[in-house]
Amino acid sequence: MRYRRPGLDVATHVILIIGALIFMLPVLLALMASTHTLPSLLSGGLALLPGSEGLDHYIQLLTQPAGGVAVPTWRLMLNSLIMALGIAVGKLTISIIAAYAIVFFRFRFRMLCFWLIFVTLMLPVEVRIVPTYGVVADLGLLNSYPGLILPLIASATATFLFRQFFLTLPPELLEAARLDGAGPWRFFRDILLPLSKTNMAALFVIMFIYGWNQYLWPLLAASDADYATLVMSLRRLTIAQDGVPPWQLATTMTVLALLPPVAVIVLMQRWFVKGLVDSEK
Amino acid sequence: MSTLTLERLNKTYGGNVQAVRGVDLDIADGELIVVVGPSGCGKSTLLRLIAGLEEISDGELCIDGQRVNDSEPAGRDIAMVFQNYALYPHMSVYDNMAYSLKNRRTPKEEIRRRVTETARLLAIDDLLERRPRQLSGGQRQRVAMGRAVVRQPKVFLFDEPLSNLDASLRVQMRQEIRRLQKRLGVTSVYVTHDQVEAMTLADRLVVMNGGRIEQIGTPMTLFNQPATRFVAGFIGSPAMNFIDLAHAEQTPWLPASTPGGALTAGIRPEHLQLVTAGSGDLPGRIEMVEPLGSESLVHVRLGEHDPLLVVRLSGDELPAAEQPTGVAINGPVHLFDSDGRRLP
């Protein structure tokens with residue numbers, strides 16, 4: 001329902017602008033602070049205006065190690081990107097195949113499988129982190145990309161969402177495909193995948209950000225600096241030997257950590273919204 | 001060019017629900033069989049058994065004399081038109097029609113030739129690039145037909161294909177399906193619950209009830225000589241009037257040769273006539289008049305507990321309601337025994 005009243009328009013816009021400002025403020029503070037020198041930050045309180053350093057801190061961080069971080073930040077970004085992409089793509093692949101099996105095949109213990117997957121929704125990584133670490137260590141996967149990605153690659157949420165989407169498809173679609181000579185694989189490739197495109201895009205965005213923001217698992221699995229991710233290194237950067245954390249670099253790295261997820265959202269926004277609201281089947 | 005034979009076909013769900021019971025049916029090459037019945041009578045299940053979408057519990061299904069009980073749907077060389085069309089929403093009309101041919105590894109040139117030919121036949125050749133959602137209901141229906149025709153299958157199956165169309169379009173498509181089926185000469189099974197559709201389309205009509213076949217025959221046979229009370233009541237609109245003979249007081253209007261054991265008499269509305277009160281075969285009272293323009297339906301109450309009798313009059317006869325009247329019989333009276341079977 002939409003109301004057409006000028007007064008209401010103004011009010012909603014004021015509320016929206018206030019909301020946007022509240023969300024923007026910390027980002028803005030980080031951005032401004034990243035252009036100040038450390039002394040200016042420590043003496044000047046909140047930095048609301050650009051400082052004197054320009055992009056110097058960005059160049060410094062991207063090209064050389066800093067603070068408690070042993071590799072330049074481009075390497076951290078690359079590691080994070082590989083992990084986030086691996087997790088997002090892996091989650092999508094595994095969950096769409098699992099949902100396909102659960103919805104379109106009749107086999108023994110089908111519902112048991114579904115409920116087992118569903119129950120793991122309630123078990124976050126933190127709960128199973130010790131045994132997971134044990135398994136990954138035994139497999140010799142600590143400090144490797146597979147070690148970072150594999151334990152986070154299955155998603156009950158995505159499986160569930162795909163299942164719900166598949167259930168909304170008219171069963172005649174499968175029957176028509178069967179009569180048209182499409183086997184299980186062709187039906188999946190020619191009909192199910194194209195119809196799931198928008199859902200996959202929306203889930204990809206969500207899963208990419210989930211992967212990018214992982215903190216606890218990489219902290220354990222990537223003790224080697226070569227596999228350190230950006231988010232877990234943020235804290236390490238602020239460990240300072242002489243007592244004063246390099247806040248100007250920490251804020252710089254924070255801004256850098258924001259960029260890839262923002263880029264993914266901006267690029268996929270149209271698909272993302274479509275996938276969440278689209279009901280055209 | 002194919003024949004279809006169903007022998008004692010049974011479908012049982014979950015061990016005790018019998019959806020189809022002992023169906024025997026021989027379908028000749030090029031014949032259009034319409035299966036009709038109320039919802040839940042098993043007609044759609046029967047179609048799905050033929051298509052291979054449901055497993056046959058018992059009995060034999062043969063196409064061209066070959067047993068196909070255990071063949072995959074695609075292996076039976078059957079095309080089906082669904083009630084909701086089931087077009088692939090992400091494919092163009094062309095791809096929808098070409099999909100089955102692609103899956104059979106038909107050469108590209110051959111696919112193009114057959115799809116364009118079929119599209120021209122169905123007058124959808126200017127829609128080939130469109131997506132299903134950009135089409136109207138009638139156009140989608142045509143595409144669904146096209147998808148079936150383009151394969152040149154042995155058998156067409158239609159599952160209530162016209163029930164999502166509006167009335168005028170339905171009449172038009174009905175004629176087109178009939179014309180197309182005769183032109184292509186493909187053996188067809190058509191399921192519907194609409195008896196007008198059934199009567200107009202069928203070479204032979206199959207009436208189903210409770211999973212069983214009640215009667216098989218040409219539309220006129222079923223109309224004139226219904227084998228059971230159910231068929232008599234189902235075929236014809238408005239439905240046949242039934243008079244319970246056990247409770248009727250006087251039945252001088254029954255033919256003298258009426259065999260004993262007759263329990264129900266059936267008379268079609270068009271075989272009844274209104275006459276002045278006191279004369280005719282049955283006395284009654286006009287309860288309601290429905291003017292339909294080309295005809296008028298008059299509901300006459302015989303006794304207090306008797307059902308209403310429907311009399312069909314021409315459109316310009318509009319008797320007043322709430323009046324005593326006489327009803328005269330001027331057509332055949334169908335008699336049924338206690339099991340609902342027709343008595344000769």
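To find a chain, count down the sequence lines: A is the first, B the second, and so on, and within it residues start at 1.
Ring pair A:Phe104/A:Phe187: centre-to-centre distance below 6.0 Å.
Looking at B:Arg151, only its side chain comes within 4.5 Å of chain A, counting heavy atoms on both sides. Proximity to chain A is limited to the side chain of B:Arg105, based on heavy atoms less than 4.5 angstrom apart. Only the side chain of B:Glu72 comes within contact range of chain A, with heavy atoms under 4.5 Å apart. With a 4.5 angstrom heavy-atom cutoff, B:Arg76 does not touch chain A via any of its atoms. At a 4.5 Å heavy-atom cutoff, B:Leu101 makes no contact with chain A through either its backbone or its side chain.
Here the closest heavy-atom approach between residue A:Ala201 and residue A:Met268 is recorded as CB-CE, 3.9 Å.
The existence of a salt bridge linking B:Asp95 and B:Arg147 is excluded, since no basic side-chain nitrogen approaches an acidic carboxylate oxygen closer than 4.0 Å. With respect to the salt-bridge test (charged N to carboxylate O, under 4.0 angstrom), the residues B:Lys102 and A:Asp180 do not qualify. Contact check on A:Arg178 versus A:Glu175 returns no salt bridge, with no Lys/Arg side-chain nitrogen under 4.0 Å from an Asp/Glu carboxylate oxygen.
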